[in-house]
Protein chains: 2
Amino acid sequence: MTVKLLVTDDHAIVRRGLQALLEAQGGWHVCALADNGRAAVNLATEHRPDVAILDYSLPGLNGLEATRQMRLASPGTEVLIYTMHNNEDVIRDVLRAGARGYLLKTEDDAEVVRAVQALLRKQPYFSPQVAETLLDTFLSGGKVVASQTLSSREREVIQLVAEGKSNRDIADRWQVSVKTVESHRTAAMRKLNLHSGVELALYAVRNKLIEP
Amino acid sequence: MTVKLLVTDDHAIVRRGLQALLEAQGGWHVCALADNGRAAVNLATEHRPDVAILDYSLPGLNGLEATRQMRLASPGTEVLIYTMHNNEDVIRDVLRAGARGYLLKTEDDAEVVRAVQALLRKQPYFSPQVAETLLDTFLSGGKVVASQTLSSREREVIQLVAEGKSNRDIADRWQVSVKTVESHRTAAMRKLNLHSGVELALYAVRNKLIEP
DNA sequence: TCGCGGACTAGGGAAATCCCGACCCTCTCC
DNA sequence: GGAGAGGGTCGGGATTTCCCTAGTCCGCGA
């Protein structure tokens with residue numbers, strides 16, 4: 001019985017690298033490659049892979065939304081998030097959305113194999129650095145900072161706004177009304193006591209929600 | 001005569017992907033892999049590769065500094081920057097530092113091969129998306145020294161906007177019309193090729209115009 | 001001296017934003 | 001099961017920002 005894998009990343013070289021790595025394992029086969037979240041969901045529905053590897057930052061449909069939809073469309077597929085963000089809030093969001101593994105791209109690539117093996121055994125998997133982060137949070141009693149009271153949409157909108165995206169850009173990406181985006185943006189700003197997109201961007205960089 | 005290549009990236013999977021891709025080309029050999037800028041310079045000095053592929057965001061020594069030092073330590077090595085940043089300033093900086101190729105990770109991976117081929121022929125190479133960016137800059141008058149040609153009012157307005165001040169705040173502080181402030185702001189944004197207050201704020205933090 | 005370019009000052013109109021309220025859905029708690 | 005809280009989705013309307021044009025002033029080189 002061969003293991004079927006779906007690989008999703010917007011960088012072609014990462015797809016190629018993952019494919020080479022995974023197919024070097026006996027009995028593993030990459031049945032589909034996707035460069036965006038929408039295609040990943042469609043391909044998962046079609047091929048029913050055992051494990052789907054998803055980047056978090058994806059064009060069109062991000063890793064969070066893709067995870068949600070994939071869990072619905074193909075419940076037998078375990079989702080492994082493979083990303084560069086070691087951010088507690090992001091981790092919580094995707095795990096709640098149904099992902100069972102979370103792996104950082106800075107880890108050794110042997111971790112990818114370990115992660116897929118764990119998910120095939122129906123066990124959750126976290127890369128060492130992520131485990132550290134989760135442990136810190138656990139030990140510190142899960143402190144409720146302002147950013148933790150933000151909803152997923154609110155956190156996402158902050159990141160996108162702080163990347164320079166306009167409300168219209170985000171609305172197109174999410175396939176919702178500009179008004180909806182504005183609502184999330186406004187709600188986030190109210191919670192954080194911010195009063196303009198500029199302040200929002202500064203908040204994001206100061207709190208490491210985006211890279212400097 | 002085999003071609004010697006150096007691959008540098010902080011993500012193991014990207015290194016693996018590049019290695020698999022490049023060694024599939026006849027006569028090409030990846031003689032060294034590095035996960036940071038310092039190691040890349042040392043390995044280039046030792047192995048004298050024909051082409052070095054460098055990420056821009058690297059721990060320790062970033063792609064810019066690594067390029068400079070590598071050009072000094074191994075002048076025969078052509079440097080190809082392989083990164084996710086389609087940013088005009090970054091492109092200009094690394095090209096001035098001696099890089100001869102600039103390729104985005106979002107491009108098809110066949111572009112990597114084309115880029116290396118070009119550099120082996122001692123020709124510069126830019127990926128399609130980067131060429132677009134450079135062309136836009138060229139057509140818009142090549143305002144490459146924009147940051148130096150900002151007037152004092154323009155620099156001031158950038159700092160104030162990036163501190164979260166609104167145009168009205170600044171107008172009150174300066175005792176001029178809001179329209180005047182907007183003009184300076186717009187002029188600064190035009191020179192810097194920015195298109196919103198958020199982008200202006202990000203520019204300011206990235207260029208250390210304000211404290212983190 | 002005269003034109004020229006750049007800085008500083010504005011206005012008009014279009015576009016994007018911000019704030020308020022509304023509706024529906026889900027989840028929790030009593 | 002009903003009430004309430006919170007999230008996601010939009011519309012209306014005021015406000016702010018964005019872009020283009022334009023007038024004035026000043027320094028500088030032909």
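Order of the sequence lines fixes the chain letters, A, B, ..., with proteins taken first and strands second; residue numbering starts at 1 for each chain.
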>> Can you list everything that forms a salt bridge (charged side-chain N to carboxylate O under 4.0 Å, His left out) with A:Arg100? Sequence neighbours excluded, please.
In response: A:Glu78
> Measuring from A:Leu80:CG to A:Leu103:CG, what's the distance to the nearest 0.5 Å?
Replying inline: 5.5 Å
>> Protein within reach of the bases, or only the backbone? For nucleotides 13-26 of chain C, mark each nucleotide 5' to 3' as B, S or -, using heavy atoms under 4.0 Å.
In response: B---BBB-------
>> Taking side chain to side chain donor-acceptor pair (under 3.5 Å) as the cut-off, I'd like each qualifying pair that reaches into residues 40-58 of chain A, sequence neighbours left out, listed once.
In response: A:Asp55-A:Lys105
Distance-only criterion, 3.5 Å: show the donor-acceptor pairs between side-chain atoms of residues 177-186 of chain A and protein atoms not counting sequence neighbours.
unit_1: A:Ser177; atom_1: OG; unit_2: A:Lys179; atom_2: N; d: 2.9
unit_1: A:Ser183; atom_1: OG; unit_2: A:Lys179; atom_2: O; d: 3.1
unit_1: A:Arg185; atom_1: NH1; unit_2: A:Asn167; atom_2: OD1; d: 2.5
unit_1: A:Thr186; atom_1: OG1; unit_2: A:Glu182; atom_2: O; d: 2.7

> How about B:Asn36 and B:Pro59: do any of their side-chain heavy atoms sit closer than 4.5 Å?
Replying inline: yes
>> Test of understanding: with salt bridge (charged side-chain N to carboxylate O under 4.0 Å, His left out), list the residues that count as partners of B:Arg173, not counting sequence neighbours.
In response: none
> Can any side-chain N or O of A:Arg71 pair as donor or acceptor with the backbone N or O of A:Thr77 at less than 3.5 Å?
Replying inline: yes
> How long is the span from the OH atom in A:Tyr82 to the CG atom in A:Asp9, to the nearest 0.5 Å?
Replying inline: 8.5 Å
>> Reading DNA chain D in the 5' to 3' direction, which nucleotide is the first one with an atom under 4.0 Å from a heavy atom of chain A, and which is the last?
In response: D:dG7 to D:dG13
> Tell me: NE2 of B:His184 to C1' of C:dA7, nearest whole Å?
Replying inline: 8 Å
